[in-house]
**Student:** 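Can you keep this structure in mind? I'll have questions shortly.
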Amino acid sequence: MSKPILSLRDLHRDYKVGEGRTLTVLNGVDLDIAAGEFVGLVGPSGSGKSSLLHAVGLLEAAPNARLTIDGQDFHSANEEQRTRARLEKIGFVYQFHHLLPEYTALGNVALPQRILGRGASEAEARARELLTTLGLGERLEHQPAQLSGGEQQRVAIARALANNPRLLLADEPTGNLDPDTSKQVFDALKAIVKAQGVGALIATHNLELARHMDRVVRLENGTLVPFTPEHVS
Ligand SMILES: Nc1ncnc2c1ncn2[C@@H]1O[C@H](COP(=O)(O)OP(=O)(O)OP(=O)(O)O)[C@@H](O)[C@H]1O
Ligand SMILES: [Mg+2]
């Protein structure tokens, strides 16, 4: 296997629930993802998929885990270092896209590049290229409310890829789409991951899509186990 994009060891996550009680959701999660590897994450509702993605996506600290992304150690990273890495190294596609309503599709994809200091015309050119690749070349000037659900989700994917991340994380990116659109969005995501050698971890309830991943892991009782979609109904 080529050098891992993601290396995670011994991630734990507890939530406090009520007076002095804790709920252990992640109980020693290990995961490696290589460049260009498209990995599915499955598990029942409440098993901790979003919790895992949030920790790997540096949306929260995971002080006890060992976590390296693209060779950089985030074991004891502070908030500023995590924010920077989220912009430079990680693309995150939320289940409900979180696009900025007042910006156009082009503007939404250009914005994270502008925050990193890229010039306006360069950022727009990159945004145009990504949106066109994702089939939205005729929708560049539309605001999110003027786009269908699948189109909005594709804008969110373009935005996540805008700064050429090394690691792409997606939380049910096709969860609220019809089967055809969901397959389209999935194929677009996979093609870009393969073309750009990005490591990807995609949470999904859709076992049909999971069959098209390079590898699938399943959360069970707080740890990850290999999973073969064909063998389970
Ligand atoms: N902030 C929180 N405080 C307390 N409990 C939490 C918190 N966030 C999540 N949980 C609990 O942790 C468990 C895992 O939640 P998580 O959102 O990671 O699951 P999931 O696998 O993503 O589920 P789904 O498939 O429904 O999206 C759930 O039982 C949830 O109630
Ligand atoms: Mg979830």
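We count ligands from 1, going down the list as the structure has it; atoms in each ligand are counted the same way.
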**Student:** For Gln113 and Arg118, indicate whether the former's side chain and the latter's backbone hold a donor-acceptor pair under 3.5 Å.
**Tutor:**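 No, the answer is negative, given that no donor and acceptor are paired below the 3.5 Å cut-off.
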**Student:** Check each protein residue for a heavy atom under 4.0 Å from ligand 1 and list those that pass, ordered by chain and number.
**Tutor:**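 Ligand 1 is contacted, at a heavy-atom distance under 4.0 Å, by Tyr15, Leu23, Val25, Pro44, Ser45, Gly46, Ser47, Gly48, Lys49, Ser50, Ser51, His205.
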**Student:** Is a salt bridge present between Arg166 and Glu88, judged by a nitrogen-to-oxygen distance below 4.0 Å?
**Tutor:**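 No.
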**Student:** I want to check something: taking the side chain as every heavy atom from C-beta on, are Ile192 and Val198 in contact at a cut-off of under 4.5 Å?
**Tutor:**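 No, side chains not in contact.
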**Student:** For the Mg ion (ligand 2), how many protein N, O or S atoms lie at less than 2.8 Å?
**Tutor:**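 For the Mg ion (ligand 2), the figure is 1.
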**Student:** Whether the side chain of Glu151 engages the backbone of Ser148 through a donor-acceptor N/O pair (distance < 3.5 Å, no angle test) should be reported.
**Tutor:**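 Looks like yes, one N/O pair under 3.5 Å.
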**Student:** Say whether Leu106 and Leu100 are linked into one hydrophobic cluster, either directly or through other cluster members, by side-chain heavy-atom distances under 4.5 angstrom.
**Tutor:**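 No, no single cluster joins them.
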**Student:** Is Gln196 close to Asn164 at the side-chain level, that is, under 4.5 Å between some pair of heavy atoms?
**Tutor:**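 With C-beta onward as the side chain, the pair touches.
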**Student:** Quick one: does His12's side chain get under 4.5 Å of Leu26's, heavy atoms only?
**Tutor:**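 Of all side-chain heavy-atom pairs linking Leu26 with His12, none is under 4.5 Å.
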**Student:** For Phe186 and Ile202, what are the C-alpha separation, side-chain angles and deciding distance, and is it a side-chain contact (heavy atoms from CB on, under 4.5 Å)?
**Tutor:** CA-CA 10 Å; Phe186 178 89; Ile202 317 290; 5.6 Å; no
**Student:** To the nearest 0.5 Å, what is the distance between CD1 on Ile115 and CG on Leu111?
**Tutor:**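 Ile115 atom CD1 to Leu111 atom CG measures 4.0 Å (nearest 0.5 Å).
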